[in-house]
Amino acid sequence: KQEVTQIPAALSVPEGENLVLNCSFTDSAIYNLQWFRQDPGKGLTSLLLIQSSQREQTSGRLNASLDKSSGRSTLYIAASQPGDSATYLCAVIMNRDDKIIFGKGTRLHILP
Amino acid sequence: KAGVTQTPRYLIKTRGQQVTLSCSPISGHRSVSWYQQTPGQGLQFLFEYFSETQRNKGNFPGRFSGRQFSNSRSEMNVSTLELGDSALYLCASSLPRSQGHYNEQFFGPGTRLTVL
C-alpha cells in the first residue's frame with residue numbers, strides 16, 4: 001500500500017531564504033508526482049508535475065526533483081517571500097491504476 | 001479557460017440528512033475526482049469518474065456515492081450524514097493518460113460541509 005510522507009509538518013523561515021520541502025513515498029511504481037499549494041480554506045493550486053521518467057521540473061522560483069528509485073521528491077523554493085506562506089502538498093499517481101495518494105502537507109510560514 | 005467550479009461553496013446540514021454537491025470540470029476534461037479533506041486525515045480520495053463511469057474508488061462507506069453526466073459535470077451525494085462527515089470536499093478534473101495526457105489534477109475551490 002502506497003504511503004506518502006511529508007516532513008516536516010510545519011516550517012517557519014525568514015523572508016529571502018532558500019528552502020527545501022520533502023516528500024517520500026514507499027512504492028516506486030508511480031506514473032507521476034505533482035506538487036500543490038493550498039491557502040487556508042481554499043482549493044489546491046497545481047505547482048509542478050514531474051513524470052516518472054523525469055528528474056526535475058522548474059517554474060520560476062520553484063524547482064521540483066524526483067528520485068523514483070529512492071522514493072523521494074523535493075520542492076526547492078528560492079528567495080522565499082511572505083506570499084509563499086501556504087500548505088504544500090505532494091501527490092503521487094500510481095502506474096497500475098491511476099489512483100492518487102496525497103501526503104499530509106508541510107505548512108510553510110515565511111517571516112517578513 | 002474557466003477553472004473547476006463547485007457548488008455550493010458552503011453548506012450546513014444536520015445529522016441524518018443527505019446532501020448533494022456539484023462539480024463542473026474544466027472544459028474538455030472528462031475525468032473528475034472527488035476528495036474529502038479533514039484536519040486529522042488530510043486529503044482522502046473518494047472516487048473518480050471518466051466518461052460517466054466510476055473508474056476508481058477509495059475506502060469510504062456506501063453512504064458516499066457519485067455520478068457523472070454526459071457533459072462531464074459530476075455530483076457527489078452523501079446520505080445519512082454523520083458529524084464526522086464535516087469536511088472540505090474538493091473535486092479535481094484532468095485529462096487522463098488514456099487520452100495521451102499526464103493526468104495532471106486541477107482542483108476547484110471546494111465545498112465546506114458542516115454537519116450539526
Side-chain angles (χ1 to χ4, degrees), chain A residues 1-10 21 23-25 27 29-54 57 59 62 64 66 68 73 86-107, chain B residues 3-7 9-10 21 23-26 29-50 53-60 87-114:
Chain A
K1 181 189 168 192
Q2 176 72 278
E3 291 184 4
V4 180
T5 304
Q6 292 186 249
I7 294 174
L21 306 180
C23 172
S24 62
F25 46 94
D27 185 344
I30 65 170
Y31 175 59
N32 63 36
L33 183 145
Q34 196 169 353
W35 281 93
F36 299 88
R37 73 171 275 168
Q38 184 177 30
D39 294 289
K42 302 287 179 64
L44 279 65
T45 300
S46 178
L47 297 174
L48 289 164
L49 179 143
I50 309 178
Q51 299 168 52
S52 61
S53 59
Q54 296 177 323
Q57 282 285 346
S59 176
L62 305 179
L66 174 64
K68 205 171 73 157
S73 176
T87 296
Y88 290 80
L89 297 109
C90 71
V92 298
I93 295 180
M94 300 307 296
N95 201 32
R96 59 180 169 273
D97 56 11
D98 279 352
K99 282 193 174 177
I100 302 164
I101 300 98
F102 277 83
K104 294 201 170 181
T106 295
R107 194 169 60 255
Chain B
V4 178
T5 58
Q6 291 186 246
T7 57
R9 293 293 311 280
Y10 302 91
L21 312 181
C23 173
S24 292
I26 292 171
H29 286 197
R30 291 166 61 192
S31 175
V32 174
S33 298
W34 287 90
Y35 299 84
Q36 181 195 66
Q37 187 177 36
T38 58
Q41 297 298 317
L43 258 168
Q44 292 187 286
F45 172 73
L46 280 154
F47 29 66
E48 179 200 3
Y49 285 87
F50 176 70
T53 301
Q54 188 179 88
R55 201 161 72 111
N56 270 315
K57 189 177 187 307
N59 298 321
F60 277 81
L88 181 66
Y89 289 88
L90 294 161
C91 84
S93 73
S94 67
L95 290 165
R97 57 169 153 164
S98 59
Q99 292 184 302
H101 299 278
Y102 301 115
N103 213 0
E104 184 174 4
Q105 303 288 298
F106 295 92
F107 280 79
T111 294
R112 171 72 64 186
L113 172 64
T114 302

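Chain naming here is simple, since letters A, B, ... match the order of the sequence lines and numbering starts at 1 in each.
Within a 6.0 Å radius of NZ in A:Lys68, more than 12 heavy atoms belonging to other residues, nucleotides or ligands are found.
With a 4.5 angstrom heavy-atom cutoff, B:Gln37 touches chain A only via side-chain atoms. Interface remark: A:Ile93 contributes side-chain atoms only to the contact with chain B (heavy atom separation under 4.5 Å). Contact annotation for A:Lys99: both backbone and side-chain heavy atoms come within less than 4.5 Å of a heavy atom of chain B.
The residue among A:Leu89, A:Asp98, A:Ile101 with the most heavy atom pairs within less than 4.5 Å of chain B is A:Asp98.
Aromatic ring pairs are classed by plane angle as parallel below 30°, tilted from 30° to 60° and perpendicular above 60°; the pair A:Phe36 and A:Phe102 is tilted. Ring geometry for B:His29 versus B:Phe106: interplanar angle of 30 to 60°, hence tilted.
Residues A:Trp35 and A:Leu62 form no side-chain contact, since every pair of their non-hydrogen atoms from C-beta on lies 4.5 Å or further apart. Within the 4.5 Å cutoff, the side chain of B:Cys91 has heavy atoms near those of the B:Val4 side chain.
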Check your understanding: So B:Glu48 and B:Ser31, side-chain hydrogen bond (donor to acceptor under 3.5 Å, both in side chains) or not? Walk me through it.
Key -> CA-CA 7 Å; B:Glu48 179 200 3; B:Ser31 175; 2.7 Å; yes

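Of the possible donor and acceptor atoms, none in the side chain of A:Gln2 sits under 3.5 Å from a partner among the backbone N and O of A:Ile30. With hydrogens and angles disregarded, a donor-acceptor distance shorter than 3.5 Å links the side chain of B:Asn56 to the backbone of A:Asp97.
Inspection of non-hydrogen atoms places B:Gly40, B:Gln41, B:Leu43, B:Phe45 of residues 38-45 of chain B under 4.5 Å from chain A.
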